[in-house]
Every structure is written in C-alpha cells, then in structure tokens.
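Written out below as structure tokens is the structure these notes cover.
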2 protein chains.
Amino acid sequence: MRDLLYLKDDQIKDFIEQIFYAYRETYSDPKKILKKYSFGTAHHRAIHLIERHEGLTVSDLLNKLKITKQSLNRVLRDLVNNKAIVLKKGEIDSRHRQIFLNERGKKLFEEIFLEQKKRIYNAFKNSDSDSVIKFKKCFKQNY
Amino acid sequence: MRDLLYLKDDQIKDFIEQIFYAYRETYSDPKKILKKYSFGTAHHRAIHLIERHEGLTVSDLLNKLKITKQSLNRVLRDLVNNKAIVLKKGEIDSRHRQIFLNERGKKLFEEIFLEQKKRIYNAFKNSDSDSVIKFKKCFKQNY
DNA sequence: AGTTTTTGGTCAGCTATATTGACATATCTA
DNA sequence: TAGATATGTCAATATAGCTGACCAAAAACT
C-alpha cells in the first residue's frame, strides 16, 4: 500500500487505458470461432467462467457476471440448446442448478482458448511471467 | 519470452478471467456520474482516450477504439452537443478534425477518474506499483 | 486543370446484449 | 403450512455496436 503513494495519476490513467485494450483484444479474436456456433461474447464469458468453475450454480454465475438473471437465462438457454453445457439439479439443494460443460462445450472452450493464448503469449513476449501473477493478485476480488 | 514457457494454461485462463473483472469494474463505477450528463460507457471510453491523447484526430480515435465511424460519430455528436469536447480543423491537413476536451469535458473526466481511482487503489492495496508498470508494458501495442 | 484518394459526416435499418418489472414454479426452512 | 429462496419466463425498452449507401471537402497525383 505504501508503494501506491508513488503511483502518479498519469500512470493510473494509462493503466485504465491498457485494461480497455487488454479486455477488447482478449475477447475479440474468438468471435469468428463463436460465430460458427451462433454464439457471441456473452456466451464466451459464460463458457469461460463455467470452465474455470465447473459445477457452479446459476446464482454463482450471476454473481460473477453481474448481469440480470433475465440476461443470463437467454445465454444459458442458447448454450443448452446448442449442447455446449448441461444443467444438473444440485445434490444438496435441488433448487440449485449446477452448470457443466459437456463434450461440445469443452471442445469450443479449447478452440477459443488456443486463439486467446496466441495473443496473450504475444502480449507478454517482452515481459516476464511474474507480472501475470502480480496482476492476478491485484484484481483478485471475491469471485 | 523464455519465462513464458513456464506459464501454465491454468494461469493464462485465470488471467483472462481477471481481465474481464478488471475491465468491468473499472468501467462500471462511473456509470452513475455519466448518467448525470446523459452519457454511457461509449462516451466514457472516448473521453478517456481524448484526455490521454489531446488533439488526436477522428481516425486516430477510430484506430484506438476499433469501432466503425458511424458508431463513433454518434458518440462524438453527443459529446459536442453536450459541450464536453470541441473539434478543430487540423492545421496541416484541414480534412482532419482534432479533438479536444473543453472545460465541461475536463470536469467530467476528473469526476470519473476520482471514482475509478478509488477502486484501483483498493485493488492494488495488497500489491506494489511495480506490477502496474509491468502490466502496462505487457499490453503495449501500437496505440 | 482535372481526376482520384482520403477524411469525415450522415441516413436507414439491423443485431447483440443489457435493462426493468411482473409473474410462475419448485423447493427448502421455520 | 407459511414464507423465503432459486430459477425460469414474458414483454418492453435502452445502449452500443454493425453493414451498406451516399455525400462533401480537401489533398494528392498526373
């Protein structure tokens, strides 16, 4: 925290600009692949989080995405119809629906991830892996 | 680049997840402020880039935002009508329009930035300023 | 001087993704 | 059993992007 006092406003402003570029680039390349499945970026974000947190519930996903259940529901419906995910009744509380990728969903995720990896590797090629870890720690919130 | 070979897929996947959170949080807090001016996030992104690159041309801004000129034009028109920016003919090439924040735009930017700074400071409070610099370097592209 | 290219503005219609509000159903908890 | 919780769904609306067509001013080329 002490170190933060040395952060100049201009550095923070630049940082905000970089976050915009990072997000846009990270989620733009996979759009061609998604189109083959008739999906968009909203589906991509959901799939990514489901892969990272297999078996999470609908409300878990809502908390991570911070969108309304109506918005999410449309996305989940598309994913189910397209056989990319399956919903299973929660074992403890059967009101819950736990979300899992199935074969098709896993295949799509890997296809997308390969595409993203290319860019990330490129973005980091003049850097060191340490900064990845640090960035992650920085933005770690309660997700 | 060598270091990158040690980056595991899971770390990259986590990183992609964190970029999403970072972007969403960074651009969500200011929405209340923007609403007072009848602006949205599209206006925010434009204002941020104009502040960082005063006097940039319309096509410069298009290249940074990577949206169509029709989309950008609506945003710029709103900003001009709301007296947040001014367009001036380029001195060298008078086809160009150079974009500047005026008083109202600068005031809005500062209001937004103050809000963002709160969150960034909070996000980084368990880290060190070094990682900011590194992250910036990582995603530095041709902007 | 005349032609072509570049830069920017605008109209019209479409799509993706989000919102609010209302309401329904199944299940758990007290 | 009554109330709270988790989820699903309908309808209307807003934001911000897209494509395609067309236009004008200024610069560049020949």
Side-chain angles (χ1 to χ4, degrees), chain A residues 20 23-25 27-28 30-50 55-82 85-100, chain B residues 20 23-25 27-28 30-32 34-50 55-82 85-99:
Chain A
F20 162 59
Y23 172 77
R24 191 196 50 201
E25 298 299 320
Y27 285 86
S28 68
K31 282 180 185 170
K32 318 170 215 81
I33 298 165
L34 290 158
K35 215 161 205 172
K36 293 192 300 180
Y37 291 72
S38 309
F39 291 149
T41 299
H43 306 90
H44 177 188
R45 282 194 295 264
I47 283 183
H48 192 95
L49 292 173
I50 295 164
L56 87 176
T57 67
V58 171
S59 62
D60 289 340
L61 190 49
L62 278 173
N63 286 330
K64 287 179 193 300
L65 288 168
K66 291 218 169 58
I67 56 174
T68 58
K69 62 173 180 167
Q70 293 91 323
S71 296
L72 178 56
N73 216 261
R74 184 182 44 87
V75 171
L76 291 181
R77 212 184 306 152
D78 292 345
L79 292 172
V80 168
N81 290 340
N82 213 302
I85 61 169
V86 279
L87 302 181
K88 292 178 187 167
K89 278 200 174 186
E91 291 182 0
I92 308 132
D93 184 337
S94 69
R95 286 175 304 183
H96 288 294
R97 297 296 171 92
Q98 290 187 278
I99 316 172
F100 301 86
Chain B
F20 162 60
Y23 171 77
R24 190 196 51 202
E25 299 300 319
Y27 284 85
S28 68
K31 283 181 185 170
K32 318 170 215 80
L34 290 159
K35 215 160 205 171
K36 292 192 301 182
Y37 292 73
S38 308
F39 290 151
T41 300
H43 305 89
H44 177 190
R45 282 195 293 265
I47 284 183
H48 191 95
L49 292 173
I50 295 165
L56 86 177
T57 66
V58 172
S59 63
D60 288 341
L61 190 48
L62 278 174
N63 286 331
K64 288 179 191 301
L65 288 168
K66 290 215 169 58
I67 57 174
T68 59
K69 62 173 180 169
Q70 294 92 325
S71 297
L72 178 57
N73 218 260
R74 192 176 33 198
V75 171
L76 291 182
R77 210 184 308 154
D78 292 346
L79 292 172
V80 169
N81 291 341
N82 212 302
I85 61 169
V86 280
L87 301 182
K88 292 177 187 166
K89 277 202 174 185
E91 292 182 0
I92 309 132
D93 184 336
S94 69
R95 286 174 303 183
H96 288 294
R97 298 293 172 91
Q98 289 187 276
I99 316 172

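Note on naming: letters A, B, ... go to the chains in the order of the sequence lines (proteins, then strands), and numbering restarts at 1 for each one.
Nucleic acid contact for B/L61: none, since no nucleic acid atom lies under 4.0 Å from a heavy atom of the residue. Counting non-hydrogen atoms under 4.0 angstrom, A/S94 reaches the backbone sugars and phosphates but no base. If you check every strand for non-hydrogen atoms under 4.0 Å, B/S59 touches sugar and phosphate atoms only. Among the protein residues, A/T68 comes within range of the nucleic acid bases, having at least one heavy atom under 4.0 Å from a base atom.
Under the rule for a side chain to side chain donor-acceptor pair (under 3.5 Å), B/S28 has no partner lying at least two apart in sequence or in another chain. Judged as a side chain to side chain contact (heavy atoms under 4.5 Å, CB included), and not counting sequence neighbours, the contacts of B/K36 are B/I33, B/E111. A search for side chain to side chain contact (heavy atoms under 4.5 Å, CB included) contacts involving B/K88 returns B/V86, B/F100, not counting sequence neighbours. Annotation: side chain to side chain donor-acceptor pair (under 3.5 Å) contacts of A/R45 (sequence neighbours excluded): A/Y23. For B/K32, the salt bridge (Lys or Arg N to Asp or Glu O under 4.0 Å) partners two or more places apart in sequence, or in a different chain, are B/E115.
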Atom pairs and distances, side-chain donor-acceptor, residues 89-96 of chain B, under 3.5 Å, sequence neighbours left out:
unit_1: B/D93; atom_1: OD1; unit_2: B/R95; atom_2: N; d: 3.0
unit_1: B/D93; atom_1: OD1; unit_2: B/R95; atom_2: NE; d: 3.2
unit_1: B/D93; atom_1: OD2; unit_2: B/R95; atom_2: NE; d: 3.4
unit_1: B/D93; atom_1: OD2; unit_2: B/R95; atom_2: NH2; d: 2.9

Could you give the side-chain donor-acceptor pairs of residues 70-80 of chain A under 3.5 Å, partners two or more places apart or in another chain?
unit_1: A/S71; atom_1: OG; unit_2: A/T68; atom_2: OG1; d: 3.1
unit_1: A/D78; atom_1: OD2; unit_2: A/H43; atom_2: NE2; d: 2.9

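At a cut-off of 3.5 angstrom, the base of D/dT5 holds at least one donor-acceptor pair with the side chain of A/R95.
An end-to-end axis angle of 30° holds for the helix from C/dA1-D/dT30 to C/dA30-D/dT1, taken from five base pairs per end and rounded to 10°.
Nearest heavy atoms, A/Y37 versus A/N82: O-ND2, 2.9 Å.
Taking every nucleotide of DNA chain C with any atom under 4.0 Å from a non-hydrogen atom of chain B, the first and last of them, 5' to 3', are C/dT6 to C/dC11.
Within residues 39-49 of chain A, the residues that have a heavy atom under 4.0 Å from DNA chain C are, in order of number, A/G40, A/T41, A/A42, A/H43, A/R45.
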Strictly under 3.5 Å: I want the nitrogen or oxygen pairs between protein and nucleotides 9-13 of chain D, one per line.
unit_1: D/dT9; atom_1: OP2; unit_2: A/N73; atom_2: OD1; d: 3.2

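In this structure, CZ of B/R74 is placed 7 Å from C1' of D/dG17, rounded to the nearest angstrom.
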